[in-house]
Colleague: 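Let me give you the structure first, and then I'll get to my questions.
The structure displayed is predicted, hence computed values, not measured ones. Protein chains get the first letters and strands the later ones, always in sequence-line order, with residue 1 at the start of each.
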Amino acid sequence: MASFWEYANPLKFMRTTDWLLPIVTWAAVIVTTVGLVWGFFFTSDDFRQGSTVKIIFLHVPSAMMAINIWVMMLVASLVWLIRRHHVSALAAKAAAPIGLTMTLIGLITGAVWGQPMWGTWWAWDPRLTSFLILFLFYLGYIALWAAIDDPDTGADLTAVLCLVGSVFAVLSRYAAIFWNQGLHQGASLSLAPGTRMDWAYKAPLYTCMVGFGLVFVALLLAGTRTEIRARRMKALVTRERMA
Amino acid sequence: MGLRVTDLSCARGGLPLLEGVSFSLEAGQALVLRGPNGCGKTTLLRTVAGLQPALAGQVDLPPEAIAYAAHADGIKSTLSVAENLAFWAAIYGTSSFEEALDRMNLRALAGRAAQNLSAGQKRRLGLARLLVTGRPLWVLDEPTVSLDTASVALFGDVVRRHLQAGGMALIATHIDLGLPEAEILDLASYKARLPEIGAGTFDEAFL
Amino acid sequence: MGLRVTDLSCARGGLPLLEGVSFSLEAGQALVLRGPNGCGKTTLLRTVAGLQPALAGQVDLPPEAIAYAAHADGIKSTLSVAENLAFWAAIYGTSSFEEALDRMNLRALAGRAAQNLSAGQKRRLGLARLLVTGRPLWVLDEPTVSLDTASVALFGDVVRRHLQAGGMALIATHIDLGLPEAEILDLASYKARLPEIGAGTFDEAFL
Amino acid sequence: MISLLTRDLRLALRAGGGFGLGLAFYLILAVLVPLGVGPAPATLALIAPGILWVGALLACLLSLDRIFALDFEDGSLDLLATAPVPLEAVVSIKALAHWLTTGLPLVLISPVMGLLLFLPSEAYLWLILSLTLGTPALSVIGTFGAALTVGLKRGGLLLSLLVLPLYIPTLIFGAEVVSRGAQGLSVSTPLALLAGITAGAVALLPFASALVLRINLR
Amino acid sequence: MISLLTRDLRLALRAGGGFGLGLAFYLILAVLVPLGVGPAPATLALIAPGILWVGALLACLLSLDRIFALDFEDGSLDLLATAPVPLEAVVSIKALAHWLTTGLPLVLISPVMGLLLFLPSEAYLWLILSLTLGTPALSVIGTFGAALTVGLKRGGLLLSLLVLPLYIPTLIFGAEVVSRGAQGLSVSTPLALLAGITAGAVALLPFASALVLRINLR
Amino acid sequence: MMPDLGSYALEVSLAYVASLGLIGLLALWYWLRGRVVRRQLEEIETRRGEANG
Ligand code: HEM
Ligand SMILES: Nc1ncnc2c1ncn2[C@@H]1O[C@H](COP(=O)(O)OP(=O)(O)OP(=O)(O)O)[C@@H](O)[C@H]1O
Ligand SMILES: Nc1ncnc2c1ncn2[C@@H]1O[C@H](COP(=O)(O)OP(=O)(O)OP(=O)(O)O)[C@@H](O)[C@H]1O
Ligand SMILES: [Mg+2]
Ligand SMILES: [Mg+2]
């Protein structure tokens, strides 16, 4: 069997994604559309939250993806540091803006939801706070990539930042919980304390989660392809200059 | 103990510059590197000094035996000349910097803050640091920039005494150092040739 | 229009270094300043360029006619070679930097960020700036530092053409520029002597 | 002159140029203060106008040393001083570039900051207005401070020390506008004073800065 | 090693070395906040613990770029990397020097700051204790950030952006100690966590910093 | 067809518009940048191909 690491070869990666990308893209569009249309048009209002419950179909998937993308970047960074496969470093680079956008969506939908539910746009609740800190980590990570000219140095430095940052992100999470017991929902998919969520909500919610995951994968593949091309272009340009 | 560089390739900014550079230095020898601007002298010296990894080939003297002096001299402008030298002497664990002061003709400036030195005086201070390292191989990047004729001669003497005491020197320069005994290596002939690759096929190194 | 320096004294760090320096330059002439390290060449050039006031004496060319090039080249490392030159061309109101690129052999490097140049390439860019100033008097402080032999010759040609076009050049250097037609002024003989003052009598200038 | 402005803006946008980082600092401050002070909305709303102005001021302050220090180190400042442009104009352009890359983004992001600190909704208009009026003064005054400390290695914090006292009037009137606005009181007096400070600083300080710069270069 | 420490301290004490400026910044912040927020003692006492910790953090942050930038520019860092001292030790000594010139003075002056902001009298002890325990972590984390950005021209604000999120746990626990102390509650948990963060950071981060520094030098 | 969103119409539609807008912008940006980079790379490679004969 071919080793998994073969896909870390840029050329092999490009060949594979050539046919994979359109499939994933279409899957992402279809699943997300289905999930969101289902959620938006075909669910009834919650008896306490009214129509705002429909925000859940955006909020929860984006918040989850924001966290998952960071984890994916962590793994990719480790792969780069240990096995030095360029594609994984470039994939981490391409993932960061998607993670940032997901974080932003989570923040915005949460804020818009908070206004009717808690009577405020924003609260210094631990989950919200650590989410905001995650936003800052994404910003810092992207800014560091942007600031460094040499691609390998950039990959090394951002990878170390991602590792150290992850440790501190976890620490911040616990610090924030310690600091303030908040308003936000617990981790069980429950709308109000005690009530379990109905399948009428769960089914479209799961669809949306899968959809957002696919959206991420599609964007990630496209972004990584671009980064690989940009990397090669940079190498060629330097090479041309030398000749 | 000597320096043996075999088949060294080095890169700058992700791009191979030199390839297949081999030479060796025995105790008491000096080698002068020459080559046009931008051919990779600085890059080669940094690789030998262990500051950047080689693309291929090896340098079989450990970095612990090498004293490197670049364009920037590592001089703290608010410390005096003597304080600057004393610091490096302490870092290298050699006790005395007095002799270095005398040999680089810095005695009269010893108490002066480094920021008040002229370009050439600063350079002399940077070179005096070499004397306190106590290391056998000196790796020097254009050491005589800004020096007047008398100081170049002084520096030539210092290098000669270092060689006589069993030291080695690897020097990149564009001008004549007054070291006729040194061998000369022209780097122009080691220019790296990139492997030719057709469009659309790229591997790990993207080239 | 020429430069006439009469009886100039200049000081550095509050201490007079040179005194009674007089010389003149007519259109088409070049003057090379020589002198040991620390004798005050840089100080004299900064005074002539109007960057620091003279202690005594005068320089009768307005600073508006002078292009000064010091050790630091005023290069922005994140801008490309062409962008750097274009900026200075715009500041001096001269339209084209294309010719400067060609004449300093920078055409191949035009799109490269200045931080990725080698020491000598950076220096060439610094000197190319002189060509876009369009000013008659070039005041140069050790212009050929780090340049290889070919680039020194190139630079010599550029200066010669500037002189032929009626320009002037005042150059401090320790090495040979390949400009045999230039006069040479040794600054060692103009070393300032401090006025003798008995203990306890100090005047305005505390000397 | 235009070329100087575009060069400065371009440098700011390039890697390591510092654009957007003033912004980031401002955002981060808005995160830190609640973390330090505690999450109670009432407390935060009370101190929001002051903190928002203090934050804008600090974000400006931190980017001041870019104004001249880089140009000084690589010799560009010597060359600009001997170039055919008046140093007063150079100084003004540098202040303008600083405002465009620091002050303006601060103004634009300030509503988000207000949200994070529970600023009362009546105050948003006044926050934006007072920052728009006040930040140019911060840039011009800061340029003066940067010119004063240009020769000093990493004069960064000395710079802060010199500039902060000069920032105080702007801060007082600016914060006053916002907190009066939050309470629904009349803001015309502090607003007029703020505008006065800015107009005065913009008109006069470039001359002082150019003078000081010339002294520092010799 | 000792010689590196004494050199760094001596450099900090010389002209332009930056000693005392962190302090000055801290003091100025204590002046600005009442100006921005308004003079009511009750409000100030309420926010004092948070503001004092945020101020200490910012004062630390502002002096971070001195840790390596000067040594990088003049080539000393290249030379230190080839000198017979492990880079991990160099990094730790640099962090220690930073703490001695920034963190320690902050601890010592903090009671005065408490006075200016009407900190309740029970909280003074905890303020000093928490700063003593927490500022070493700030220095070590900051050294990591400085090592990350060492090659970048004026990475100052990028540095802030990278380091501030890493400072957050320290800030939260530190401020919590003081505010609990001010209310007479038990402080042992946050104090222990604060000490834990410091111990972990001091023990592990120098390796990351040395790694990153080596990458930046090549 | 539009469901009745009740008194929270503004909030809910705002959330949907903002989220989809952001994702759309991101996708657009990735797509545009991908296209630009691909073009540039192609151009360079053809240039190289010509240079190599
Ligand atoms: C700006 C404000 C908000 C932010 C930053 C935010 C952030 C988050 C985060 C990070 C998650 C975790 C996703 C995961 O489990 O991986 C989450 C989940 C969730 N949020 Fe929010 N949220 C905000 C406001 C709200 C509001 C106002 C509500 C509703 C009243 C809400 C309801 C939920 C629910 C129901 C979940 C799913 C909980 C679960 O994991 O089972 N959120 N949010
Ligand atoms: N940071 C960098 N990134 C990319 N390329 C670089 C970088 N630094 C230098 N180069 C390029 O690498 C080549 C070799 O540079 P190097 O400094 O080794 O030359 P050199 O032989 O020392 O020249 P000089 O005599 O001018 O000092 C040059 O062509 C230069 O343009
Ligand atoms: N900032 C300063 N403060 C006090 N003295 C200084 C200062 N800068 C330089 N000096 C001293 O002034 C003298 C003249 O310096 P200058 O730089 O003009 O010499 P130079 O002739 O250019 O020498 P070089 O050939 O070494 O460049 C030197 O002895 C130097 O030590
Ligand atoms: Mg070189
Ligand atoms: Mg000189």
Colleague: Can you tell me which portion of E:R180 sits under 4.5 Å from chain A's heavy atoms? Options are side chain, backbone, both or neither.
Modeller: side chain
Colleague: Quick one: of A:V164, A:L163, A:V167, A:L139, who has the most non-hydrogen atom pairs under 4.5 Å with chain E?
Modeller: A:V164
Colleague: With side chain to side chain contact (heavy atoms under 4.5 Å, CB included) as the test, pick out the partner of A:L157 among E:I215, E:V150, E:T149.
Modeller: E:I215
Colleague: Under a 4.5 Å heavy-atom cut-off, does chain A meet the side chain of E:F144, its backbone, both or neither?
Modeller: side chain
Colleague: So with a 6.0 Å cut-off around CH2 of A:W145, is the heavy-atom count from everything else above 12?
Modeller: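 Yes - once you tally the heavy atoms of other residues, nucleotides and ligands closer than 6.0 Å, there are more than 12.
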Colleague: Minimum heavy-atom separation for A:A143 and E:L161, please, with both atom names.
Modeller: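 Where A:A143 meets E:L161 most closely, the heavy atoms are CB-CD2, 3.9 Å.
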Colleague: For the candidates E:I168, E:L171, E:I197, E:L211, which exhibits the highest count of non-hydrogen atom pairs separated by less than 4.5 Å from chain A?
Modeller: E:I168
Colleague: Kindly give the heavy-atom pair with the smallest separation between A:S172 and E:P165, and that separation in Å.
Modeller: OG-O, 4.3 Å
Colleague: Tell me which of these, A:L134, A:L136, A:T153, has more heavy-atom pairs under 4.5 Å with chain E than the rest.
Modeller: A:T153
Colleague: With a 4.5 angstrom heavy-atom cut-off, could you sort out which part of E:L148 is near chain A: side chain, backbone, both or neither?
Modeller: both
Colleague: Give, for atom CD1 of A:I133 and atom CG of E:L166, the distance between the pair rounded to the nearest 0.5 Å.
Modeller: 10.5 Å
Colleague: Tell me, for E:L205 versus chain A, whether the close heavy atoms (under 4.5 Å) come from the side chain, the backbone, both or neither.
Modeller: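 Side chain only.
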Colleague: Side chain, backbone, both or neither: which part of E:I141 has a non-hydrogen atom closer than 4.5 Å to chain A?
Modeller: side chain
Colleague: Between A:D152 and E:R218, is the closest basic N to carboxylate O distance under 4.0 Å?
Modeller: no
Colleague: What part of E:L204 gets within 4.5 angstrom of chain A, counting heavy atoms only: side chain, backbone, both, or neither?
Modeller: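 Neither part.
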Colleague: Decide side-chain contact (heavy atoms from CB on, under 4.5 Å) for A:Y141 and E:L162; before the verdict, give the C-alpha distance in whole Å, the side-chain angles of both, and the deciding distance to 0.1 Å.
Modeller: CA-CA 8 Å; A:Y141 181 89; E:L162 294 177; over 6 Å; no
Colleague: If you round to the nearest 0.5 Å, how far is CG of E:L193 from OH of A:Y174?
Modeller: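 Atom-to-atom, A:Y174:OH and E:L193:CG are 12.5 Å apart.
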